[in-house]
Amino acid sequence: MTQKQIKGLNLKELMEVCEKQDIPTFRAKQIYQWMYRHHIDDIMQMNNIPLALRNYIKDNYILNTLDIENIQESEYENTKKILFKTHDHKLIESVSMIDKNLHTVCISSQVGCSVDCQFCATGMMGFKRNLTCGEIIDQIIHISNLRDEAITNIVYMGMGEPFLNYNEVMKSADILHDHNGMNLGRNRITISTSGILPKIKQFIDEKRGYKLAISLNATDDNTRTKIIPINKKWNINMIIEELEKYPTDKKNMIMLEYVLLKGINDSKEDAEKLSYYGNLLKCKINVIPFNDIGNEYKRPNAEIINKFIEILHKNQKHYQTLVRWSKGIDIDAACGQLSTKTS
Ligand code: SF4
């Protein structure tokens, strides 16, 4: 008998499973809480569920969708990179970063990625498949069981383009947010996109309320198309126009992400134009000095980075400037460095 994944089912779907088996639907909520609130990955430990139902689930469903293959720890920060294997032997990575009282987990949404951003190691792998909602959530559950510190923030910035796996990503975010699930505030969940315009529209129309991060990475279309080829289809103006509709407030500002690449997007003119977009969108600008992945792209020197930041600060009226000195560089766990070789 083929086993389906029970991890990843939402409450409604679990109730349908119960109904089909003539089991009272309140059991669905109990199973849901065991999985998502208590992070139990052995069905037999769900001790308020009747044995017959536990046996039914055990015989028909897979509870744990991922196995930990390897854990790498940074020597310099409290950062761990976790390599997971799926049931069909695909490899994905997630990163757990603890800094003071924040525990941020960066998760993958796809195996590989089809977007082909030129500065990203995942892009170089090509696309293998979408992750299921269960596989997305299991990254978090494994990390939560691995660490003593409670998870405070989730960022969908690992392997893959979350908006090309929109339904499973949103379903997982809804379970993470749900008070019977992981009970994380909407503003603790950030979904990042390279600019998949129809899905940005859908996300705004559906009033999802999770934080939205856009990998802008250039201020003119020629440069952006060179480093993010889908810019040919959905260019900077189209994206900015759509983002202007985003109902921004202090707790939920759009994040414009800007990977700073030597000689590509690090000029004074780029900094001026980026400030213009920042003031227009009343957002956060997150500058990420590039992390080496062994290709033609390089990080600008400190003087150029400082000058770029200085211009952003000088022009700052309605935006905030952040600089992300990535964590876990020594274990290739920093932004854009996630990649697996044998999947
Ligand atoms: S940056 Fe994101 S969207 Fe671009 S190739 Fe890498 S994983 Fe895909």
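Counting convention: from 1, in listed order, for ligands and their atoms alike. Small disclaimer: the values here were computed from a predicted structure and weren't measured. Hydrogens, waters and symmetry mates play no part in the numbers below; they use all other heavy atoms, side chains included.
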Q. With sequence neighbours left out, which residue pairs that include part of residues 135-148 fulfil the salt bridge (charged side-chain N to carboxylate O under 4.0 Å, His left out) condition?
A.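 Sorted pair list: Lys7-Asp138, Arg129-Glu135.
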Considering the heavy atoms of [X], write down every atom of ligand 1 situated less than 4.0 Å from one of them.
X: Asp116; result: 5 (S)
X: Cys120; result: 1 (S), 5 (S), 6 (Fe), 7 (S)
X: Gly123; result: 5 (S)

Q: Check whether any N, O or S atom of Cys117, backbone or side chain, sits closer than 2.8 Å to atom 4 (Fe) of ligand 1.
A: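 Yes, within the cut-off.
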(Q) Under 3.5 Å, is there a donor on one side chain and an acceptor on the other for Asn64 and His142? (A)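 Yes, because at least one side-chain N or O of Asn64 sits under 3.5 Å from a partner of the opposite role on His142.
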(Q) Under a 3.5 Å cutoff, is there a donor and acceptor pairing between the side chains of Glu161 and Ser109? (A)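 Ser109 and Glu161 do not have a side-chain donor-acceptor pair below 3.5 Å.
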Q. Does some non-hydrogen atom of Gly160 fall short of 4.0 Å from ligand 1?
A.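 Distance cut 4.0 Å: Gly160 passes for ligand 1.
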Q.
If you take the centroid of each ring, where Trp contributes its six-membered ring, are Tyr210 and Tyr156 closer together than 6.0 Å?
A.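 For Tyr156 and Tyr210, the ring centres are not under 6.0 Å apart.
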(Q) Checking side chain to side chain contact (heavy atoms under 4.5 Å, CB included) between Leu274 and each of Asn217, Thr219, Ile311, which is the one that passes? (A)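 Exactly one option meets the side chain to side chain contact (heavy atoms under 4.5 Å, CB included) with Leu274, and it is Thr219.
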Q) Where does Thr193 meet ligand 1, judged by heavy-atom distances below 4.0 Å: at the side chain, the backbone, both, or neither? A)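 Near ligand 1, Thr193 shows nothing, with every heavy atom at 4.0 Å or more.
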